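Notes follow the structure.
Both ligands and their constituent atoms are indexed starting at 1 by order of listing. Predicted, not measured: the structure shown is a model, and the values here were computed from it.
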Amino acid sequence: MNDFIAALPKAELHLHIEGSFEPELMFEIAQRNQIEIPYKTIDEVKKAYQFSCLQDFLDIYYAGAGVLIHEQDFYDLAMAYYQKCYENNVIHTEIMFDPQTHTERGIAFETVINGLQKARLEAKEKWGINSLFIMSYLRHLSEESAFETLKQSLPYKDLITSVGLDSSEMGNPPIKFKNVFEASVKEGYIPVAHAGEEGPTEYIWEAIDVLKVARIDHGNRCLEDENLVNEIVKRDLALTVCPLSNLELRNTDVMTNHPLKKLLDKGIKATVNSDDPAYFGGYMNANFVAVQEALNLSKEDILTLVKNSFNYSFATYEQKKIYLEKVYEVVNEFNS
Ligand code: ADE
Ligand code: ZN
């Protein structure tokens with residue numbers, strides 16, 4: 001089963017580039033930028049990565065991202081992630097980045113996007129990996145700040161496919177960003193949003209009805225409202241589920257209680273993703289293996305999840321066809 005998971009080509013639809021910042025690279029960049037970090041050893045860092053909720057994690061995640069200053073830093077960060085994609089057979093990825101995490105510290109939007117773009121071109125050239133960018137607004141900040149970010153993004157509009165909404169969910173409902181999402185869609189960005197990770201089902205309703213999202217990031221809590229489940233199925237909206245993240249942020253007590261199989265059984269188009277792999281202990285294959293073992297998922301289930309990842313990506317119809325052919329090549333190899 002693990003070999004099957006590893007061999008399958010996959011798409012990742014929920015990955016924060018700042019969350020792929022491995023401690024080793026963090027130390028290296030902190031040193032060259034002469035920035036103090038509150039850890040002396042990699043072991044100390046790993047000990048600090050014990051979270052009791054989303055906010056606990058976010059505090060450490062923003063502190064880590066604080067060492068990223070130069071275009072080269074963003075390039076190095078992204079190249080390290082693409083290397084993991086290559087190792088995990090992720091051939092298509094939709095990368096979220098949080099401009100405000102950097103612009104709030106005085107780093108130019110241009111510095112961030114140029115570093116990411118340089119890595120994207122190189123990853124395509126070196127490993128054939130396709131990737132799209134999702135610019136995520138930080139929901140703990142104001143809608144005005146999101147509008148400012150939208151404005152800063154416009155010269156780079158052709159490089160960005162989608163807008164997202166992340167950070168502290170409780171107390172920051174999707175409706176707070178109604179106007180900036182409308183404006184973003186007018187600029188051609190596809191809307192997605194984190195909803196129902198920690199937040200209540202009302203936030204998922206708002207994400208779909210008010211922000212009119214094309215996909216829901218996390219969305220696990222939809223299972224608490226049968227009408228919502230039916231609506232998600234009816235509107236054919238995919239969920240980008242992140243098993244190891246859910247475990248590490250205590251949204252799931254033990255992996256055997258993870259809702260992924262229930263979501264699939266309800267007819268929801270779920271996908272598996274790594275969210276912030278450097279913080280949650282695993283990239284794509286590790287997420288698949290963890291959830292497969294805990295929920296005893298069949299090969300059919302794995303195949304459904306992988307097909308969902310391509311079908312509900314923002315790739316073109318033509319690209320999707322090619323991706324699915326690659327998937328079936330591997331399936332046939334394993335069946336022969
Ligand atoms: N930013 C990075 N990871 C996140 C998560 N899992 N939820 C909300 N915001 C995030
Ligand atoms: Zn996320």
Side-chain angles (χ1 to χ4, degrees), residues 11-22 26 49-66 68 74 77-78 81 90 93-104 112 116 132-141 145-146 149 162-174 176-177 191-200 203-204 206-207 211 213-222 238-252 258-260 270-284 287 309 312:
E12 175 145 62
L13 307 181
H14 184 156
L15 176 281
H16 303 265
I17 199 65
E18 294 87 353
S20 72
F21 203 4
E22 290 288 346
M26 195 183 293
Y49 290 3
Q50 308 253 344
F51 314 112
S52 57
C53 63
L54 175 59
Q55 193 58 49
D56 244 23
F57 154 70
L58 288 170
D59 293 341
I60 289 185
Y61 161 93
Y62 293 126
L68 300 162
F74 292 94
L77 172 68
Y81 167 64
V90 172
T93 178
E94 305 191 351
I95 297 176
M96 296 179 199
F97 70 109
D98 296 339
Q100 290 151 297
T101 298
H102 314 296
T103 53
E104 289 268 304
V112 181
L116 298 181
L132 305 176
F133 292 158
I134 303 173
M135 173 176 77
S136 296
Y137 301 125
L138 297 182
R139 70 201 306 158
H140 68 274
L141 299 180
S145 171
T149 304
S162 166
V163 288
L165 186 64
D166 62 6
S167 194
S168 321
E169 188 178 10
M170 297 304 281
N172 295 297
K176 178 176 162 188
F177 297 91
V192 300
H194 284 53
E197 178 184 18
E198 278 190 347
Y203 286 18
I204 307 179
E206 279 181 18
L211 304 187
V213 294
R215 268 191 330 236
I216 302 161
D217 293 317
H218 296 292
N220 299 18
R221 290 193 61 187
C222 73
L239 260 56
T240 63
V241 177
C242 308
L244 287 174
S245 164
N246 298 149
L247 189 68
E248 292 302 313
L249 299 185
R250 316 277 177 103
N251 297 311
T252 295
H258 192 278
L260 182 66
T271 61
V272 166
N273 307 274
S274 71
D275 205 5
D276 302 285
Y279 293 88
F280 302 145
Y283 288 79
M284 281 287 270
N287 272 275
S309 77
Y312 291 84

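If you look at the Zn ion (ligand 2), the protein N, O or S atoms less than 2.8 Å from it are H14 NE2, H16 NE2, H194 NE2, D275 OD1.
Counting all heavy atoms, side chain and backbone alike, L58 lies closest to S167 at CD1-C, 3.6 Å.
With hydrogens and angles disregarded, a donor-acceptor distance shorter than 3.5 Å links the side chain of E12 to the backbone of S274. Counting only distance, with no hydrogens or angles, the side chain of N273 and the backbone of L13 share a donor-acceptor pair below 3.5 Å.
A 4.5 Å side-chain heavy-atom check between H218 and H14 finds at least one atom pair inside the cut-off. With contacts defined as side-chain heavy-atom distances shorter than 4.5 Å, the pair L77/S20 qualifies.
Within 4.0 Å of ligand 1, the residues that place a heavy atom are H16, L54, F57, L58, Y61, D166, S167, H194, E197, H218, D275, D276, listed by chain and number.
Each of D275, N287, D276 was evaluated against S245; a single residue qualifies, D275, per the side chain to side chain donor-acceptor pair (under 3.5 Å) test.
Ring centers of Y62 and H140: under 6.0 Å apart, within the cut-off. Note: Y279 and F57 meet the aromatic proximity criterion, with ring centroids under 6.0 Å apart.
A salt bridge does not link R221 to E169: none of the charged nitrogens lies less than 4.0 Å from a carboxylate oxygen.
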